[in-house]
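Per chain, numbering begins at 1; letters A, B, ... match sequence-line order. Model, not experiment: these values are computed from the prediction.
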2 protein chains.
Amino acid sequence: MSFELIEKLRDKGYKITRQRESILAVLSEEGHQLLSAREIFKKVLKNGGCTNFSTVYRNLELLMQEGIVRKVELNRDAACYELSNCEEHHHHLVCTKCGNIQVTSYCPLDELQDEDGFVPTEHHFEIYGYCKDCV
Amino acid sequence: MSFELIEKLRDKGYKITRQRESILAVLSEEGHQLLSAREIFKKVLKNGGCTNFSTVYRNLELLMQEGIVRKVELNRDAACYELSNCEEHHHHLVCTKCGNIQVTSYCPLDELQDEDGFVPTEHHFEIYGYCKDCV
DNA sequence: TTTTATGCAAAAGGTTTGCAACTAG
DNA sequence: CTAGTTGCAAACCTTTTGCATAAAA
């Protein structure tokens with residue numbers, strides 16, 4: 001699972017609760033797929049874990065602060081989350097027909113010229129359209 | 001004001017109500033600044049108009065469908081809107097310190113290579129950081 | 001034991017909706 | 001006249017918060 005992450009949290013002084021572990025376990029499952037808070041909640045329960053919506057949100061907040069989790073806001077009702085260290089920096093291509101999400105390592109920030117002295121610290125880039133099976 | 005837009009709507013069979021006109025007027029004010037539904041609502045009232053939150057939302061929805069308005073979701077509580085035809089395609093640089101928003105005409109979609117046959121129809125690109133006065 | 005985390009229920013905030021009343025054309 | 005719009009209030013959903021209880025360390 002994600003022993004390094006657990007250790008990182010422990011070292012920082014956070015307690016390792018069953019809930020926290022379950023949430024990290026779900027996020028570590030089957031390769032970095034984007035999950036909403038609700039989906040994480042359900043998956044924890046399905047895995048036999050025990051948690052609560054508030055707990056999920058509070059942990060996601062904490063994990064984001066620690067740079068372990070990244071929030072991605074797509075054209076959807078709820079925000080999605082993914083482990084930020086499980087893969088290199090990337091952006092998402094969302095198929096608006098089948099819902100499939102693919103990843104690209106292309107990052108526009110590399111190409112951005114100086115914009116009147118603006119110093120970027122963060123950016124969002126998501127692409128919507130049709131995947132090759134839905135064109 | 002925005003006679004062409006009014007005409008476009010009328011031609012499409014939509015009725016031109018005072019509310020609809022006021023909302024368009026506010027969006028046309030002082031060059032393409034991003035406004036939330038709440039801000040639009042307040043500005044309409046301040047201008048002596050009369051409207052309602054639902055009406056603002058319903059009109060924004062309609063104006064988006066007609067390609068007249070574009071929704072931009074920033075790192076904020078509420079979504080923002082701008083006229084989509086008042087300027088050429090652009091993206092936003094948001095200063096997270098002073099809140100100032102500047103615009104860039106740079107668009108990453110031009111650089112995007114073929115991504116496994118994905119056909120983009122829409123994209124979001126926003127940059128957060130410090131403007132030159134806040135660095 | 002002490003500090004942090006959880007669960008619950010309620011609140012907050014943006015956005016949407018049902019429906020009756022209204023109005024532009 | 002009548003189809004499309006508005007206003008109002010209530011619903012919806014996600015996310016946040018207060019507080020008492022529970023459990024890591």
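With Leu93(B) as the fixed residue, the side chain to side chain contact (heavy atoms under 4.5 Å, CB included) test singles out one of Thr104(B), Val103(B), Ile101(B): Thr104(B).
Recorded end-axis angle for the helix from dT1(C)-dA25(D) to dG25(C)-dC1(D) stands at 30°, based on five pairs per end and rounded to 10 degrees.
Nearer the 5' end of DNA chain C, as judged by each residue's closest nucleotide, is the contact made by Gly13(A), out of Asp77(B) and Gly13(A).
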Would you mind writing out the side-chain donor-acceptor pairs for residues 63-71 of chain A within the sub-3.5 Å range, not counting sequence neighbours?
unit_1: Glu66(A); atom_1: OE1; unit_2: Lys12(A); atom_2: NZ; d: 3.1
unit_1: Glu66(A); atom_1: OE2; unit_2: Tyr14(A); atom_2: OH; d: 2.8
unit_1: Arg70(A); atom_1: NE; unit_2: Glu82(A); atom_2: OE2; d: 3.3
unit_1: Arg70(A); atom_1: NH2; unit_2: Glu82(A); atom_2: OE2; d: 2.7
unit_1: Arg70(A); atom_1: NH2; unit_2: His90(A); atom_2: O; d: 3.4

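Checked against the 6.0 Å centroid threshold, His124(B) and His91(A) do not count as a close aromatic pair.
Applying the side-chain contact (heavy atoms from CB on, under 4.5 Å) criterion to Gln19(A), with sequence neighbours excluded, gives Thr17(A), Thr51(A), Thr55(A). The side-chain contact (heavy atoms from CB on, under 4.5 Å) check on Leu45(B) picks up Phe41(B), with sequence neighbours excluded. A search for side-chain contact (heavy atoms from CB on, under 4.5 Å) contacts involving Arg58(B) returns Ser54(B), not counting sequence neighbours. Annotation: salt bridge (Lys or Arg N to Asp or Glu O under 4.0 Å) contacts of Arg10(B) (sequence neighbours excluded): Glu7(B). By the side-chain contact (heavy atoms from CB on, under 4.5 Å) test, Glu111(A) pairs with Tyr106(A), Tyr106(B), Glu111(B), sequence neighbours left out.
Nucleotides of DNA chain C that come within less than 4.0 Å of any heavy atom of chain A span, from the 5' end to the 3' end, dT3(C) to dA9(C).
For residues 126-135 of chain B, every residue pair satisfying the salt bridge (charged side-chain N to carboxylate O under 4.0 Å, His left out) rule, not counting sequence neighbours, is listed here: Asp116(A)-Lys132(B).
No donor-acceptor pair under 3.5 Å is formed between the side chain of Ser36(B) and the backbone N or O of Cys80(B).
The minimum heavy-atom distance between Cys98(A) and Cys131(A), with the atom names listed, is SG-SG, 3.8 Å. Taking every heavy atom of both residues into account, Ile6(A) and Ile16(A) meet most closely at O-CD1, 3.7 Å. The shortest non-hydrogen separation linking Leu109(B) to Pro120(B) is CD2-CB, 4.2 Å.
The CZ atom of Phe41(A) sits 14 Å away from the C1' atom of dT15(D) (whole-angstrom rounding). Regarding Asp11(A), its CG atom lies at a distance of 12 Å from the P atom of dA25(D), rounded to whole Å. With rounding to whole Å, Glu39(A) atom CD is found 11 Å from dT15(D) atom P.
Taken residue by residue, residues 42-52 of chain B places heavy atoms nearer than 4.0 Å to DNA chain D at Cys50(B), Thr51(B), Asn52(B). Within a heavy-atom distance below 4.0 Å of DNA chain D, the residues of residues 53-74 of chain B found are Ser54(B), Thr55(B), Arg58(B), Asn59(B).
Counting only heavy atoms from C-beta outward, the side chains of Leu35(A) and Lys43(A) approach each other to under 4.5 Å.
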In sequence, state the C-alpha distance, the side-chain angles, and the governing distance for Asn47(B) and Glu29(B), and then conclude on side chain to side chain donor-acceptor pair (under 3.5 Å).
CA-CA 11 Å; Asn47(B) 292 353; Glu29(B) 276 176 13; 2.8 Å; yes

Check nucleotides 22-24 of chain D for protein N or O atoms closer than 3.5 Å to its own N or O atoms and list the pairs.
unit_1: dA24(D); atom_1: N3; unit_2: Lys15(A); atom_2: NZ; d: 2.9

